[in-house]
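Numbers for residues simply follow the sequence, beginning at 1.
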Amino acid sequence: MRFIDALAIAIGKALAWAFPVIAVMMGFEVVARYAFASPTFWAHEIAGLLAAIAFIFGGAFVMAEKAHMRVTLLVERLTGPFAKVLELFSLLCGAVFLTGLSVAMWGILQRAAFRFGPDGVWSPERSGSSWNTPSPAFLKIALFIGAVLFLLVVVRQMVGLIGGRQNDR
């Protein structure tokens with residue numbers, strides 16, 4: 001089960017590099033637009049795609065790192081079995097939400113990505129921008145995969161908590 005955490009952490013660290021890439025792209029866009037009066041047609045769409053994918057997988061990353069934001073007012077005051085029950089309840093709520101998100105995203109993903117024209121050519125949902133990339137389909141695929149990965153991390157933490165390995169990674 002530690003493989004799930006390692007996978008979420010590896011993906012998160014790899015996708016963290018999207019942000020410096022976005023900064024360079026936006027810098028290039030500004031120079032191209034204002035210094036040469038020749039704006040790009042691709043920079044904003046690719047920057048949005050990269051940032052969205054990085055944020056999607058960020059949830060699983062911070063949960064695997066045990067750095068997820070939590071309201072600790074009650075948890076810090078409770079000890080022993082009460083703290084464990086509260087932690088288990090919060091993980092269960094997360095698992096229910098992520099299960100619902102994963103199921104919903106599967107249906108949305110199917111409508112966006114598994115589209116074919118009458119001639120059998122793949123025709124995924126497109127952005128409608130001047131470049132008209134299939135980025136909405138790719139984002140929906142990423143959101144489904146990210147939600148499933150996040151769910152697996154939460155379930156792994158629930159199993160660890162029930163098995164008495166709260167700090168197990």
Side-chain angles (χ1 to χ4, degrees), residues 1-23 44-116 122-128 133-169:
M1 294 277 282
R2 292 178 190 193
F3 169 76
I4 295 165
D5 286 346
L7 178 64
I9 291 168
I11 291 171
K13 286 182 178 180
L15 288 174
W17 285 99
F19 295 105
V21 170
I22 291 168
H44 289 96
E45 196 162 335
I46 295 299
L49 178 68
L50 287 175
I53 290 173
F55 279 115
I56 286 168
F57 286 94
F61 170 78
V62 296
M63 194 70 174
E65 284 277 322
K66 296 201 181 287
H68 212 281
M69 270 187 3
R70 300 167 191 250
V71 179
T72 58
L73 179 66
L74 290 175
V75 176
E76 288 176 351
R77 295 180 193 274
L78 297 175
T79 58
F82 295 115
K84 186 175 180 178
V85 167
L86 191 59
E87 178 72 15
L88 191 58
F89 177 71
S90 70
L91 289 170
L92 182 62
C93 288
V96 168
F97 170 76
L98 290 165
T99 300
L101 180 61
S102 299
V103 169
M105 281 312 303
W106 177 248
I108 292 169
L109 169 132
Q110 287 180 314
R111 288 187 298 279
F114 300 133
R115 295 168 44 167
F116 297 91
W122 183 51
S123 179
E125 183 179 342
R126 298 196 166 265
S127 65
T133 66
S135 59
F138 291 128
L139 281 175
K140 290 170 184 173
I141 292 167
L143 186 53
F144 171 73
I145 294 169
V148 169
L149 181 61
F150 199 164
L151 175 61
L152 291 173
V153 171
V154 167
V155 168
R156 197 225 43 88
Q157 288 187 6
M158 286 173 64
V159 168
L161 186 63
I162 292 168
R165 297 179 307 273
Q166 284 179 298
N167 294 324
D168 182 40
R169 272 230 241 150

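Distance CG/Leu161 to CD/Gln157: 9.0 Å, rounded to 0.5 Å. Here the CG atom belonging to Leu152 is positioned 5.0 Å from the CD1 atom belonging to Ile4, to the nearest 0.5 angstrom.
Heavy-atom contacts from other residues, nucleotides or ligands closer than 6.0 Å to CZ of Phe89 number 12 or fewer. Within 6.0 Å of CZ in Phe19 there are more than 12 heavy atoms belonging to other residues, nucleotides or ligands. Counting non-hydrogen atoms of neighbouring residues, nucleotides and ligands closer than 6.0 angstrom, the CZ atom of Phe114 exceeds 12 such neighbours.
Shown here for Pro124 and Ala137, the closest heavy-atom pair between the two residues is CB-CB, 3.7 Å. Contact between Leu151 and Ala95 at its shortest, heavy atoms only, is CD1-O, 3.5 Å. Minimum heavy-atom separation, Ile9 to Ala64: CG1-CB, 3.8 Å. Closest of all the heavy-atom pairs between Val153 and Ala8 is CG2-CB, 3.9 Å. Contact between Leu149 and Ile11 at its shortest, heavy atoms only, is CD2-CD1, 4.0 Å.
Residues forming a side chain to side chain contact (heavy atoms under 4.5 Å, CB included) with Val85 (at least two apart in sequence, or on another chain): none. Shown here are the side chain to side chain contact (heavy atoms under 4.5 Å, CB included) partners of Ser127, two or more places apart in sequence or in another chain: Glu45, Ser129, Asn132, Thr133, Ser135, Pro136. The side chain to side chain contact (heavy atoms under 4.5 Å, CB included) search around Leu101 returns Phe97, Leu98, Met105, Ala147, not counting sequence neighbours. In terms of the side chain to side chain contact (heavy atoms under 4.5 Å, CB included) criterion, residue partners of Ile145 (sequence neighbours excluded) are, by chain and number, Phe57, Ile141.
Residue pairs meeting the salt bridge (Lys or Arg N to Asp or Glu O under 4.0 Å) criterion with at least one member in residues 134-155, sequence neighbours excluded, are Glu125-Lys140. Listed by first then second residue, pairs satisfying ring-ring contact (aromatic ring centres under 6.0 Å, His included) with a partner in residues 138-159 read His68-Phe150, Trp106-Phe144, not counting sequence neighbours.
The shortest distance between side-chain heavy atoms of Met63 and Leu91 falls below 4.5 Å.
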